Amino acid sequence: MPPTTDPAGVASPAGGPPRKVVVLASGSGTLLQALLDDPAPKPYEIVAVGTDLDDCVALDRARAAGIATFSCRVRDHADRAAWNDALATAIEAHGADLVVLAGFMKLVGPGFLRRFEHRVINAHPSLLPAFPGMRAPADALAHGVRVTGCTVFLVDAGVDAGPIVDQRAVPVAPDDDVTTLHERIKVAERDLLVDVVTALTRAPYSVTGRKVILR
Ligand code: GAR
């Protein structure tokens, strides 16, 4: 059963566990793998993994775990709105309670978000609101920050701008390049994502303005 949203903007998963989670990814899928490998008893089940590409390593990881996969490519649709609709329909077909963007390299639009209000989270490799966008580790290095990190947030119509669920700080080493820094961030990001998905599916949560309140 999907979460309910009251007029004050409060979203909460209704019904009993496990919650159904659909993960979207475009790349190597190490964040997905962290969710798959978490040995703790889970209040959620990953029911499908989707991509915007023909295929990707993340889908290989899903197949190896016996999880359903799907591909929804922008170029197979008349426009972005039609792609958003098709993507949302593919996710709804799996009964998703929560949608996890884990290295998904496309922006989802308002038509998509309306169908999953407060139920789409994204992992981002910086301490938002610093360094939004596709080059966060490179931007952090270029700025010379000593500490960066990772954020999991509820996706809204902005770019990396939605209410923050949780964050972890990661130090920048003097000899870091983009690869070493991003890899160190991803170590923290995997733990963060597992903790956030567990928290959001274990108990109802509320969203008031920019505040996400976990129980
Ligand atoms: C992660 O660092 C994630 O935050 C980032 O891609 C990486 C995916 O890693 N996503 C974005 O930058 C989205 N704007 P993975 O493919 O190894 O899971």
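Both ligands and their constituent atoms are indexed starting at 1 by order of listing. The shown structure was predicted, so the numbers you read here are calculated from the model rather than taken from an experiment.
- Counting atoms of ligand 1 from 1 in the listed order, those under 4.0 Å from a heavy atom of T30 are 15 (P), 17 (O), 18 (O).
- Using a 4.0 Å cut-off between charged side-chain N and carboxylate O, K20 and D97 make no salt bridge.
- With salt bridges taken as basic N to acidic carboxylate O contacts below 4.0 Å, none links R80 and D85.
- E189 OE2, 3.2 Å is the protein heavy atom nearest to atom 3 (C) of ligand 1.
- Residues satisfying the ring-ring contact (aromatic ring centres under 6.0 Å, His included) criterion with H182, sequence neighbours excluded, are absent altogether.
- Between F153 and H124, the ring planes lie perpendicular to each other; the angle is over 60°, past the 30° to 60° tilted range.
- With sequence neighbours excluded, the residues satisfying side-chain contact (heavy atoms from CB on, under 4.5 Å) with D37 are Q33.
- Below 3.5 Å of separation, one finds no N or O of M134 facing any N or O of ligand 1.
- Considering both main-chain and side-chain atoms, G27 never comes within under 3.5 Å of ligand 1 through any nitrogen or oxygen pair.
- Close approach of ligand 1 to H124 is summarised as follows: ligand atoms under 4.0 Å from at least one heavy atom of the residue are 4 (O).
- Within the listing of ligand 1, atoms 15 (P), 16 (O), 17 (O), 18 (O) sit less than 4.0 angstrom from a heavy atom of G29.
- Distances between N or O atoms of N122 and those of ligand 1 include no value under 3.5 Å.
- Scanning M105, K106, Q33 for the heavy atom closest to atom 11 (C) of ligand 1 points to M105.
- The closest heavy-atom contact to atom 15 (P) of ligand 1, among the options G103, S26, S28, comes from S28.
- R115 and T89 are linked by a side-chain donor-acceptor pair at a separation below 3.5 angstrom, with hydrogens and angles left out of the test.
- In terms of protein heavy-atom proximity, atom 9 (O) of ligand 1 is closest to K186 NZ, 3.3 Å.
- Every atom of ligand 1 with a heavy atom of A123 under 4.0 Å away is listed here by number and element: 3 (C), 4 (O), 10 (N).
- Ion pairing between a basic and an acidic side chain is recognised when a charged N comes within 4.0 Å of a carboxylate O; R63 and D55 show such pairing.
- For K186, the NZ atom is densely surrounded, since the number of other residues' heavy atoms within 6.0 Å is greater than 12.
- Ligand-side atoms of ligand 1 in range of H182: 1 (C), 2 (O), 7 (C), range being under 4.0 angstrom from any heavy atom.
- If you check which protein heavy atom lies closest to atom 12 (O) of ligand 1, you get P125 CD, 3.5 Å.
- Considering only heavy atoms from C-beta on, R184 comes within 4.5 Å of V170 through its side chain.
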